[in-house]
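The chains referred to below are lettered A, B, ... by the order of the sequence lines, with proteins before strands, and numbering in each begins at 1.
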Number of protein chains: 2
Amino acid sequence: MNTILQIEKPLFTVDSVLFTVHDGVLKVLMAKRAESPFEGYWGLPGGFIDINVDENTDMTARRKLLNKTGLVPSYLEQLQVISGPKRDPRGYSVTLAYYALVAHQNVESKIASVESACWLSVSELPKLLIAFDHRHIIDIAQQRLQQKTLYSMIPVFCLPEKFSIGQLIKVIEAIIEKPIQRKSLMRRIEASEMFEISNEKISSGGRLAQLYSLKPGADIVNFERNLSL
Amino acid sequence: MNTILQIEKPLFTVDSVLFTVHDGVLKVLMAKRAESPFEGYWGLPGGFIDINVDENTDMTARRKLLNKTGLVPSYLEQLQVISGPKRDPRGYSVTLAYYALVAHQNVESKIASVESACWLSVSELPKLLIAFDHRHIIDIAQQRLQQKTLYSMIPVFCLPEKFSIGQLIKVIEAIIEKPIQRKSLMRRIEASEMFEISNEKISSGGRLAQLYSLKPGADIVNFERNLSL
DNA sequence: CCAATAGTGTCTGTGAGACAGTATGAG
DNA sequence: CTCATACTGTCTCACAGACACTATTGG
């Protein structure tokens, strides 16, 4: 091609913070590291981009999630790039962090390269050994998720295709760690026009709950006000 | 260290979209490329990270802005990573784009490596030759700036230290391309508690305007509602 | 029947939009 | 004085919060 000084390149990795909510608790998917830096520590699923396979970094994130955990996220968005000379003992490192959401499902670590991938409660992370600065990345991801929950409907991606308002309330409250008004949520569901009323209802210990589902091809509306305070 | 297969790494670059507002027009800083890919096209100021110099990618962005344009931005924030095999003829490329704001000032291209850096009106970009996918990156940056202007005071970073409400209105209107209510803006300035009333006033063809300045150490408040519609 | 959860009606509160009215500078 | 721009007062409107009320299920 032409003369470019191939100056030293940093390590470039892609890591994902995959969240779900189960039993009213926010969980994050972590993998126990089987390999050298921070072996035995919990780390975010991620790795190096494969420029022969990955159309872009989104694909790297998805590929690594699938390989390491068998899961395909319902929602995936770039979070932030974290970089510096000291964050990886192997050298100067640049990590593109994603955050992602999925309905809760059991993780069978189908892949040998990882000892075990599993859902950890965000609240129990302080008790665990976390690799690199992944704890910090999770904090940033959690903040972003909380913020976005105040003005959008992304929490629906923590639920299955069809869901009830009651389920959605539980998910939102688990994310923002505050109670919300059912009424406000229903107004938003109505106003957003993102959802359609299913013909099914679900039993939940009282009156049957209407199930909703995302309209096919609907994009995610951002509201002009935040919830709560 | 240990055996890591050094699989092929992508090119990693950092580019910045530096905005300002001058005479009620949103401008972006572009440099005429003196070197090979897209020589003679307009490109965003940016380049490769220097892992021996840059503490992190923010520093890369700042260093490149300073080198290529002599400017130090008042505000700098990550925008997005864009990646893919085709966006740079030299190979698979990953770019971390930043967007930044600064008070308008003339650019003297102090550095020889760039033919000319100058402020281009965003509206005239369609008429010009833009390198790589930089046009697309600018579009994304502009959208983000518009969005953020609706719920924060970042446009003040397009103004000098001390500024009047009237100046700020002009900047905001240039960014979001819609008129706003002076009253709403004043309420926000009051409520945010980010600013202090200077002891100076500025003449502007009518009654003297009160000058404000950012309180030292004040952080940028996000409002819970958006402006306008 | 009761308990539990789903959903409605409606009042209050907050902050943006609109816009008329007042204040104060230059010429 | 007039004109231009700065600032204030105040009404309306949209939408979130609060909460009482009704509806519908299972036991």
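- The phosphate of D:dC7 (OP1 or OP2) has a side-chain N or O of B:Arg182 nearer than 4.0 angstrom.
- Using a 4.0 Å heavy-atom cutoff across all strands shown, A:Glu224 reaches no nucleic acid atom at all.
- The residue among A:Lys201 and A:Arg187 whose nearest nucleotide of DNA chain D lies closer to the 5′ end is A:Arg187.
- Taking atom CG on A:Leu227 and atom P on C:dG15, their separation rounds to 15 Å, with Å as the unit.
- A straight line from NZ of A:Lys170 to C1' of C:dA4 spans 14 Å, rounded to a whole angstrom.
- Taking a 6.0 Å sphere around CZ of A:Phe223, one finds it holds more than 12 heavy atoms contributed by other residues, nucleotides or ligands.
- B:Ile180 comes within contact range of no nucleotide atom at all, as no heavy-atom separation falls under 4.0 Å.
- Taking every side-chain heavy atom of A:Arg225 into account, C:dT14 is the closest of C:dG7, D:dT10, C:dT14.
- If you measure from atom CD1 of A:Ile189 to atom P of C:dA6, you get 12 Å, rounded to the nearest angstrom.
- For C:dA16, the OP1/OP2 oxygens have no side-chain nitrogen or oxygen of B:Gln181 closer than 4.0 Å.
- Residue B:Gly206 is the one, among B:Gly206 and B:Tyr212, whose nearest nucleotide of DNA chain D lies closer to the 5' end (criterion: closest heavy atom).
- With rounding to the nearest 0.5 angstrom, the CG atom of A:Leu145 is 13.5 Å from the CD1 atom of A:Ile140.
- With B:Asn56 contributing its side chain and B:Asp58 its backbone, the two residues share a donor-acceptor pair below 3.5 Å.
- Residue B:Ser204 places no side-chain N or O under 4.0 Å from the OP1 or OP2 atom of D:dT5.
- In this structure, B:Arg188 reaches the sugar-phosphate backbone alone: every heavy-atom distance under 4.0 Å involves primed, P, OP1 or OP2 atoms, never a base.
- A:Tyr151 places its OH atom 20 Å from the C1' atom of C:dG15, with the value rounded to the nearest Å.
- In this model, a side-chain donor or acceptor of A:Lys183 finds a partner on the base of C:dG9 within 3.5 Å.
- With no hydrogens or angles considered, no side-chain donor-acceptor pair links A:Gln210 and A:Tyr212 at under 3.5 Å.
- At distances below 3.5 Å, not a single donor-acceptor pair connects side-chain atoms of A:His134 with backbone N or O atoms of A:Gly43.
- The distance from atom CZ of B:Phe223 to atom P of D:dA14 is 23 Å, rounded to the nearest whole Å.
- Note: NZ (A:Lys178) to P (D:dA18) measures 11 Å, nearest angstrom.
- Contacts of A:Ser203 with the nucleic acid, taken as non-hydrogen atoms under 4.0 Å apart, are absent.
- Each of C:dG17, C:dT8, C:dT5 was ranked by its minimum atom distance to the side chain of A:Arg207; first place goes to C:dT5.
- Atom-to-atom, CG of A:Leu208 to P of D:dT25 comes out at 5 Å; the value is rounded to the nearest Å.
- Taking atom CD on B:Gln167 and atom P on D:dC7, their separation rounds to 11 Å, with Å as the unit.
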